[in-house]
Trainee: 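Pasting in a structure now, in structure tokens, and then I'll have a few things to ask.
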Amino acid sequence: MSRLASRFRLWPVIVAIAWSVLAQPGYAATSITNGAAFLDQTESLRTTDHPRFVQMLAQIHQEAPRLTSREQWHLRYLDAWETMFEGDYTKSEVMLHEVIDHSGDAGLAAKASALLLTNLAANRRYEEAFALANHVTTWLPAVKDPQVRFMLLMNLSQMLDIADQTDLAIKYAHMMEDAVPPGETLCRPRSLQAAALFNAKHLTSSSPELQQAIDTCVAAGQPILANTMWLVLSSLYLDENQPAKAMALLDRIMPSIRTNHYYPHMLSAQVQRAQAYAKLGDDSNARTAALAAVAMSGPNDINEWLKDDYEVLYQVEKRQGHLADALAAYEHYVIQDKGHLNDISARTLAYAATQQHLLVQKLETDSLSKQNSILRLQQALATKAVETSRLYIALLLVVLVSIVFWLFRLKRSQLRFKQLSCLDGLTGILNHQHFVSEAARALHLLEKKSGSACLISIDLDYFKQVNDTHGHAIGDAVLQHTVTICKQHLRTSDLFGRLGGEEFGILLVDCSSDQGTAIADRIRKAIEATPVDVDGSVVSFSASFGVACTDTSGYELQRLCREADAALYRAKRTGRNRVITDAEWAFDGSLEA
Ligand SMILES: Nc1nc2c(ncn2[C@@H]2O[C@H](COP(=O)(O)OP(=O)(O)OP(=O)(O)O)[C@@H](O)[C@H]2O)c(=O)[nH]1
């Protein structure tokens, strides 16, 4: 088994890529006149001139109190980077979380998240790394800074590659191609694509994607990434059983690998050399190369390169009949293989757990949003119900007001009709029927308090002649004129009604017999003295009066009427235009009798 498991083997390379991303040519930073610019310069030197970077970091720390809040957070991010570079992953993680949670700077938080991804993955904390990667994905649309966006896409592509989600890894690498920031090239996206295709076993030594990635990285002056791609190619040669080609390629790239002294490449090249020798049947050189690779590693190192290396050793020793050495190599091989498998299953499980968690979160979110929708609907319904009840109340009020108004008008008309039905149409005073009932009621009350009243019966004299001479209209005017004169001599408490054609009745309340007679006479005189003048026709007329008082005739209306009528009759009979009282009538009547 000679395949180079790129996920595992490319990871340290990718870490290096992440660290070197955004590396710009260094500036000669001497004094700090502009904090933000100084910090940018310092950041740009991280991988190109690390000692200078450390020196500038120390320099800016002395100026820290004068920095703005944003600059202080930038400094904190650089401190986290340096702390991670020095190998203190735990402390770096704490600092990165501070920047992510409290800096309030989206670009800086995105950069810190990308670095945290590297931190977590390098420590094989895959579940947390995948969770963060998912979180970072949600930020992407909002990240506008091209450098930060490029870095996030790169980290996401790497994380998905680690999770065996090679299609997605390629998708993010393609997105990087469309968003190459100034100072960057297509080398990184293309090498990530090639790495993902390799992991997906979709790459052969003649795949154009691989050759393109190699050409791009060589042209871009990116030796580490170019060497990574060369090592992928030599691994494919070995897989395709072309060891001579693999050996030739390794010989060709070895000077560059030595120059860059990048440990993963040194180890990988050494192991591949051992594999190539073994395939070429050169057991001696294969053993030497494989032992050299073991010598390059620490006693507790577990990785896939060592697994392949011990496999070579095992095969060589077995072929040579060195069974004890073969057994020892095999035991190492098993340990490395187990470690490798553990790592694969850890990654797979972590990714599955994260996706499961996401699914649960999505379900919870869906259910929450459904609940929210229901609540919103209920609120809308409640609002509608309130509006409807308000409408009903308003309608009810309108109906009530209308009914009240209608009842009021009805009552008013009823009152008017009642009033009209109580009044005489021509003169506006009480009609006969109403006068009788009102007079009876008043007399009843007076009787209770032993008050006195007088009933006056009035009849116009020779009224037929007025009608006949001047016409009926003038006759009406005379009737109205008579009413006007009478009213001038009455109090509001007195009752006044028209009892017949030219006959009127007056009930003088709280009035003695003398007072009644006097009032009747005053009215008589006023009628006599006030002719009617209608359109030049002056009509003089008079009236006869019969007065009956409770003092002599009692409180019964019928009797009072009878007595008053009798007195009136007597007034008519004795010459008209005069006032006769019941007392006079009784006296004269008795004389006549
Ligand atoms: N213009 C007018 N005339 C009316 C009205 N009601 C009754 N009369 C008239 O009043 C007259 C009453 O006449 P009589 O009963 O003969 O009485 P008189 O002519 O006044 O004679 P004495 O009562 O005896 O003085 C009639 O001619 C009726 O037509 C009315 O509302 N308007």
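Atoms within a ligand are numbered from 1 in the order they appear, just like the ligands themselves.
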Trainee: Heavy atoms, side chains only, cut-off 4.5 Å: are Leu495 and Phe435 in contact?
Mentor: yes

Trainee: With a 4.0 Å cut-off on N to O distance, would you call Lys111 and Asp145 a salt bridge?
Mentor: no

Trainee: Can you find a non-hydrogen atom of Arg498 under 4.0 Å from ligand 1?
Mentor: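 It does, in that a heavy atom of Arg498 comes within the 4.0 Å cut-off of ligand 1.
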
Trainee: Check this for me, if you would: do Glu98 and Arg76 make a salt bridge, where the nitrogen-to-carboxylate-oxygen distance has to be below 4.0 angstrom?
Mentor: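 A salt bridge links Glu98 with Arg76.
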
Trainee: Check this for me: does any side-chain nitrogen of one of Glu128 and Arg125 sit under 4.0 Å from a carboxylate oxygen of the other?
Mentor: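 Yes, this pair counts.
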
Trainee: Just go through Glu502, Glu503, Gln480, His470 and tell me whose heavy atom is the nearest to atom 12 (C) of ligand 1.
Mentor: Glu502

Trainee: Does any N/O atom on Gln465 come nearer than 3.5 Å to any N/O atom on ligand 1?
Mentor: no

Trainee: Taking 4.0 angstrom as the limit and counting only heavy atoms of Lys572, give me the atoms of ligand 1 inside it, by number and element.
Mentor: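 Ligand 1 atoms under the 4.0 Å threshold to Lys572: 22 (P), 23 (O), 25 (O).
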
Trainee: Can a salt bridge be assigned to the pair Asp565 and Arg562 using a cut-off of 4.0 Å between side-chain N and carboxylate O?
Mentor: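 The answer is no: the pair does not qualify as a salt bridge.
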
Trainee: Pull out every atom of ligand 1 sitting under 4.0 Å from any heavy atom of Leu479, numbered as shown with elements.
Mentor: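 Numbered from 1, ligand 1 contributes 30 (C), 31 (O), 32 (N).
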
Trainee: How does Asn467 reach ligand 1, if at all, at less than 4.0 Å between non-hydrogen atoms: by side chain, backbone, both, or neither?
Mentor: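 The part of Asn467 near ligand 1 is the side chain, not the backbone.
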
Trainee: Going by heavy atoms in the side chains, are Leu446 and Asp510 under 4.5 Å from each other?
Mentor: yes

Trainee: For atom 13 (O) of ligand 1, find the nearest protein heavy atom and state the residue, atom name and distance (0.1 Å precision).
Mentor: Lys464 CB, 3.5 Å

Trainee: Any atoms of ligand 1 less than 4.0 Å from a non-hydrogen atom of Arg576? List them with their elements.
Mentor: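 This gives 22 (P), 24 (O), 25 (O) as the contact atoms.
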
Trainee: Hey, does Gly475 come in under 3.5 Å of ligand 1, counting only N/O atoms on both sides?
Mentor: no

Trainee: Looking only at N/O atoms, are Leu426 and ligand 1 under 3.5 Å apart anywhere?
Mentor: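 Such a contact does not occur with ligand 1.
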
Trainee: Spell out, with a plain yes or no, whether Cys454 and Cys549 have SG atoms under 2.5 Å apart.
Mentor: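 In this structure, Cys454 and Cys549 share a disulfide.
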
Trainee: Which of the numbered atoms in ligand 1 are below 4.0 angstrom from a heavy atom of Asp459?
Mentor: 23 (O)

